[in-house]
S.K.: 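Below: one structure in C-alpha cells.
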Number of protein chains: 4
Amino acid sequence: MKFAELREQVYEANSKLGKSGLVVLTWGNVSGIDPTRSYMAIKPSGVSYDDLKPEDIVVLELETGKVVAGDMRPSSDTPTHLVLYSQFAEVFGIVHTHSPYAVGWAQANESIPAFGTTHADTFYGPVPVTRLLTQEEVRNDYELNTGKVIAEHFSASRIDPLAVPAVLVAQHGPFAWGPGPEKAVTNAVVLEEVAKMALFTRQVRTAAEAVPEFLLEKHYRRKHGPDAYYGQK
Amino acid sequence: MKFAELREQVYEANSKLGKSGLVVLTWGNVSGIDPTRSYMAIKPSGVSYDDLKPEDIVVLELETGKVVAGDMRPSSDTPTHLVLYSQFAEVFGIVHTHSPYAVGWAQANESIPAFGTTHADTFYGPVPVTRLLTQEEVRNDYELNTGKVIAEHFSASRIDPLAVPAVLVAQHGPFAWGPGPEKAVTNAVVLEEVAKMALFTRQVRTAAEAVPEFLLEKHYRRKHGPDAYYGQK
Amino acid sequence: MKFAELREQVYEANSKLGKSGLVVLTWGNVSGIDPTRSYMAIKPSGVSYDDLKPEDIVVLELETGKVVAGDMRPSSDTPTHLVLYSQFAEVFGIVHTHSPYAVGWAQANESIPAFGTTHADTFYGPVPVTRLLTQEEVRNDYELNTGKVIAEHFSASRIDPLAVPAVLVAQHGPFAWGPGPEKAVTNAVVLEEVAKMALFTRQVRTAAEAVPEFLLEKHYRRKHGPDAYYGQK
Amino acid sequence: MKFAELREQVYEANSKLGKSGLVVLTWGNVSGIDPTRSYMAIKPSGVSYDDLKPEDIVVLELETGKVVAGDMRPSSDTPTHLVLYSQFAEVFGIVHTHSPYAVGWAQANESIPAFGTTHADTFYGPVPVTRLLTQEEVRNDYELNTGKVIAEHFSASRIDPLAVPAVLVAQHGPFAWGPGPEKAVTNAVVLEEVAKMALFTRQVRTAAEAVPEFLLEKHYRRKHGPDAYYGQK
C-alpha cells in the first residue's frame, strides 16, 4: 500500500473519531499530513466509520490537491483542510465534526468563552467563531473559502493555532487540529466537552465571567512549553 | 413468505430504528411500499423491537388499507402512513418516532429553524409544524386526519416532500420519510440531531437567526441533484 | 423459596429497573403484591441491582408490615408502598426512582403538564405534584406520611390512580405504579421520558400550552378501556 | 509490591471512576491514605484509565510529599490532595473530576442548593463553591493553594467535611471525598447527579427554593449516625 504509514495513522484517527460519540452517521472527517508537508491523507466522502479500511483513505498532493493514492472520492471538505495546512505551519492533523454542543455555539455565531480550567488546559483563550461567509464565497469555492475565513480570523486576531487548536465556523460547526491527527481528535473531544460545560454555566448564571488572564496562562503553561508539569516525562 | 423482499426491507429499517437511540419501549414504526405503489408493509402495533421478526411485518393494500399478509395488527398509525403515500408520489418509506428533542419542538408548536449547515444538508428550509387538529378531526378518523393535516401543510406551502423530508405534528411528534424505508430512518436520525442542536442554539442566543437562502441552496445542491458532490459516485 | 412466584416477579421488575437507565448506584425500588392483596414483596434496602437475587426480595404482610420472608431489611421506603397499596385498590405494583428529569420537576414543586400525545398515551392529565410535608410529618413516620400525602392528593383531586399512574412528591421525586410491578416500571420509564420532553418544550416556548381535553381523552381511550385499539388483541 | 493493599484499593477506586461516566480522556484522579495517615497513594499524571495498573499507583509520604513507591509522576493535583488530608482528619479518600454538570456550577461560581432529598441523602446543606484564587495564589504553588481555599471555606463556614463531602472550586471543578477512596468516588457520582437535577430544577422554576432544615436533617440522619436506618445492618 502506497503511503502506508500515513494512511494507517489517519485511518486510526478516523476510527477513534467514530468511537468518540462526537459523530452520527458518516459525518465528520480526519486528515493528516506527512512530515515533509507534501501529502495529505483524508477520509473518503460519505463512508461509514464501521466500514472504513486503511486502503480507503485517500492521499492528495498538498499543493495541487491532486489525488495520488486511493480509489475513492476524498471528503467534500478536502479544500478546507488543504487551505488550513497551507496557512498553519505547525499543524499536522485536522478534524471536522458536527458535534452537537459545539454546533450549538457555532449556529448562534458565538465564541465559547474560557469559563474555567477545563477550557484553559487546552485553549489559551476563547474558541473563536469566524465571520459569516458572503454569498459570493458560498456560491464559488465554498469549502476553500471556509478554510480561508478560518485562517483569516487567526491571522487578523494574531492567535497561534496551536495555542487555540479549534474554531467554530459560523452557522456551520467546529474544526479542531493539532501536531498530528490523533491529537486533533483529542482536541475535538475536549472542544465538545468544553462547549457543553459552557452552555451549562450560562444556564446557571447568564452573566458568568471568563477566567482572568493569569489563570489562562497558568493552565496553558502547566501542559505546554518548557515548564510543563502535567503527564509523564 | 409472501411479499418477502418488502417485508425484509421494512423489518431491517425497523431494526435500525430500534438501535438508533430514537425510541423507547415499543414506540415508533417504519413502513415501506413496493415499487408499483400497490402495497405497504409496516411494523405491527405495540411489539418490541427486540422481538420483531420479518414475518411479523404486516402488509396492506395501499388503496383500501386491507391486510393481505401477516397475522398481527398493523401499527395504530397505519392510516397516517397510507394518506402520506397517497399524497407524496416520490416517497417510498415513512417513519414515525417520539424522539425527545423533536417532540420538544412539536409540543411547543414551533417549526425547527434552519440554523446551520447540519440542517441544510438534509432539509431545504425549516422543518415545519402542522396546525392543531380540531376536536372533530381528533374524535373521528384521528390517524387519517393526522396524515391529512401533514399533506395539507406541504401542499398549501408548496414544499417538496423530498426537499424537506420531515414534519412535526403539533402537540404530537415527528414523521420523516424518504425514497425508501432505510433513508427515512436516516432522515429521522438527522431530524433528532438537528432538533437538539437547534435547542442548544436557542439556549446560547435566544435571537439566533436562520441561515440565508444561498447557504440553504448550496448545501442542498451539494447532496442532491445533478451537481451533487458529496459521497461516492 | 416461600412466595417464590411473587418474589421472582418483583425481582424481575427490579432487574428491569436496574437496566432502564433510570437509576444510579442502589437508588430506587420496585414492589408488588399478591392477587389477594395480603403480601407485599420489595427490594431490600441499599443493595446494588447487579448483586440482587430473587431470594433477597423481602416479603411483608400488607396490613401489619411484618416481614414474613427474606433475611434482609426491606427498602426504607416500605411504609410509603404499604400506604399506597392500602389506598389504591387496583394497583398491584409500585416503583420509586430518583430519575433526573422527574426529580427536576419535583424539586421545582411543579406538576408536569400534558404537553402532547406521548404524555396523553399514559397519563390522562398532568402528573401532579404533592403538597410539601410539614415539619411534624417529616420528623415522625416520614415514609408513612409520604404515602399519605400522595393518597390525599389523588383522593381530594378525584384522580383515578390507574388513569394517572404516577406522582411527583414535592422536593423529593417520582413514584409510579400499575396493575403489576412490570407495568409500574414501564410507567416510570414513560414518566422520565415525558418529564424530559416537557422540559425541552418549556425551553423552546416558555408559554407552551397543554393539550385540549378531547386530545387527552382520545389518546387515553386508544390504549385503555373497551375501545382500545393500540397493541395486539 | 510495596504498599500493595493501599495501591490496590486506590487502583480499584480509579478504575471505578474510569467506568463511572464522569471522566473523559485521562481527566480526574482518586487518592487514598493508609489508616495511620502516613502515606498517600494516587493516580499517576496523564495516564488513561484503560491502561492503568496497580503498580502504576504512586505512593508519597503524606507530610513531605516525597515519593516512596511507584515509577511514574503522581497526578499534578497531588498538592491539593495532600493539603486536604492534612486539614480533614476523618477523610481517607479524595477524588477530583471535571464532570460536566458540577463544572457548569463551578464555572458559574455558584453553590449547588439543596433542592431535594437526593441531595440531602448525601450532603447536609448546599455543596459550597470556594472563593476565587488570587493572582499570587495561582502563580505560586497553585495546586497547594487550591487545597488551602477549600480547607479555608470549610473551616470558616464550620462545615463538617464528612457531612458535606464535596466542594466546587470556583472556575475549576469539583473535589469529593469520604472515609475511603471507594466512598469518595460514590460521592463524586452523587454530586454529578445532584448538579444535573439542580440545573433541571432551575430550568423548570428559576426561583426554586431549597428544602427546609428539618428535611435536610431527616435525610441526613436516615443514612448517618446512630439512628440510621438506610441499607443493611
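Chain A is the first sequence line, chain B the second, and so forth, proteins listed ahead of strands; every chain is numbered from 1.
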S.K.: Go through the atoms of Thr78(A) and report whether side chain, backbone, both or neither lie under 4.5 Å from a heavy atom of chain B.
M.R.: neither
S.K.: With a strict 4.5 Å heavy-atom criterion, list every residue of residues 98-107 of chain A that contacts chain B, or say none.
M.R.: His98(A), Pro100(A), Tyr101(A), Val103(A), Gly104(A), Trp105(A), Gln107(A)
S.K.: Against chain A, label Ala207(B) side chain, backbone, both or neither, depending on which of its atoms sit under 4.5 Å from a heavy atom there.
M.R.: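 Interface part for Ala207(B): neither.
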S.K.: Against chain B, work out which of Leu199(A), Leu133(A), Val47(A) has the most heavy-atom pairs shorter than 4.5 Å and name it.
M.R.: Leu199(A)
S.K.: Would you find more than 12 non-hydrogen atoms of other residues, nucleotides or ligands less than 6.0 Å from Glu61(A) atom CD?
M.R.: yes
S.K.: Applying salt bridge (charged side-chain N to carboxylate O under 4.0 Å, His left out) to Glu152(A) and Arg131(A), what does each step give before you reach the verdict?
M.R.: CA-CA 10 Å; Glu152(A) 169 195 310; Arg131(A) 67 168 172 81; 2.9 Å; yes
S.K.: Do Leu168(A) and Glu110(A) have side chains that approach each other closer than 4.5 Å (heavy atoms only, starting at C-beta)?
M.R.: no
S.K.: Please confirm whether the backbone N or O of Leu52(A) pairs with a side-chain atom of Asp56(A), one donor and one acceptor, at under 3.5 Å?
M.R.: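 Judged by distance alone, no pair lies under 3.5 Å.
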S.K.: Please look at Leu132(A) and chain B and tell me whether the side chain, the backbone, both or neither of the residue comes under 4.5 angstrom of a heavy atom of that chain.
M.R.: neither
S.K.: Please classify the contact of Arg221(B) with chain A as side chain, backbone, both or neither, using a heavy-atom distance under 4.5 Å.
M.R.: neither
S.K.: Ring-plane angle category for Tyr39(A) and Phe3(A), please: parallel below 30°, perpendicular beyond 60°, tilted otherwise.
M.R.: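 Answer is tilted, since the angle falls between 30° and 60°.
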S.K.: Should we say atom CD of Gln203(B) is surrounded by more than 12 heavy atoms from elsewhere, each under 6.0 Å from it?
M.R.: yes
S.K.: Using non-hydrogen atoms only, which part of Thr206(A) is less than 4.5 Å away from chain B: side chain, backbone, both, or neither?
M.R.: neither
S.K.: Which region of Arg202(A), side chain (C-beta onward) or backbone (N, CA, C, O), has a non-hydrogen atom less than 4.5 Å from a non-hydrogen atom of chain B, or is it both or neither?
M.R.: side chain
S.K.: Test side chain to side chain contact (heavy atoms under 4.5 Å, CB included) on His81(A) and Asn29(A) and set out the steps.
M.R.: CA-CA 10 Å; His81(A) 291 245; Asn29(A) 44 71; 2.8 Å; yes
S.K.: Look at the side chain of His96(A) and the backbone N and O of Pro174(A), then say whether any donor-acceptor pair between them is shorter than 3.5 Å.
M.R.: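 Yes; at least one donor-acceptor contact below 3.5 Å.
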S.K.: Please assess Asp51(A) against Ser48(A) for the test side-chain hydrogen bond (donor to acceptor under 3.5 Å, both in side chains), listing each intermediate value before the final yes or no.
M.R.: CA-CA 5 Å; Asp51(A) 298 339; Ser48(A) 94; 3.2 Å; yes
S.K.: Using non-hydrogen atoms only, which part of Val169(A) is less than 4.5 Å away from chain B: side chain, backbone, both, or neither?
M.R.: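 For Val169(A), there is no contact with chain B at all, as no heavy atom is under 4.5 Å.
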S.K.: Who in residues 113-122 of chain B is close to chain A, using a strict under-4.5 Å heavy-atom cut-off?
M.R.: Phe115(B), Gly116(B), Thr117(B), Thr118(B), Asp121(B)
S.K.: Which atoms of Glu143(A) are under 4.5 Å from chain B, going by heavy atoms: the side chain, the backbone, both sets, or neither?
M.R.: side chain
S.K.: Determine whether Val185(B) and Glu182(B) make a side-chain contact, defined as any pair of heavy atoms from C-beta on separated by less than 4.5 Å.
M.R.: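 No, side chains not in contact.
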S.K.: Can a donor-acceptor pair be found, under 3.5 Å and without considering hydrogens, that links the side chain of Ser75(A) to the backbone of Asp77(A)?
M.R.: yes
S.K.: Sub-3.5 Å donor-acceptor pair from the side chain of Tyr49(A) to the main-chain atoms of Trp27(A), do we have one?
M.R.: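 Yes; judged by distance alone, with no hydrogens or angles, the pair exists.
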S.K.: Using non-hydrogen atoms and a 4.5 Å limit, figure out which bit of Glu213(B) sits close to chain A: side chain, backbone, both or neither.
M.R.: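 Answer is neither: Glu213(B) stays 4.5 Å or more from chain A.
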S.K.: Under the criterion side chain to side chain contact (heavy atoms under 4.5 Å, CB included), I'd like the reasoning laid out for Leu82(A) against Leu62(A): C-alpha separation, chi angles, the key distance, then a yes or no.
M.R.: CA-CA 6 Å; Leu82(A) 291 172; Leu62(A) 204 62; 3.7 Å; yes
S.K.: Would Lys183(B) pass as a cation-pi partner of Phe92(B), given that its NZ or CZ must be under 6.0 Å from the six-membered ring centre and within 45 degrees of the axis?
M.R.: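 Cation-pi check for Lys183(B) and Phe92(B): fails.
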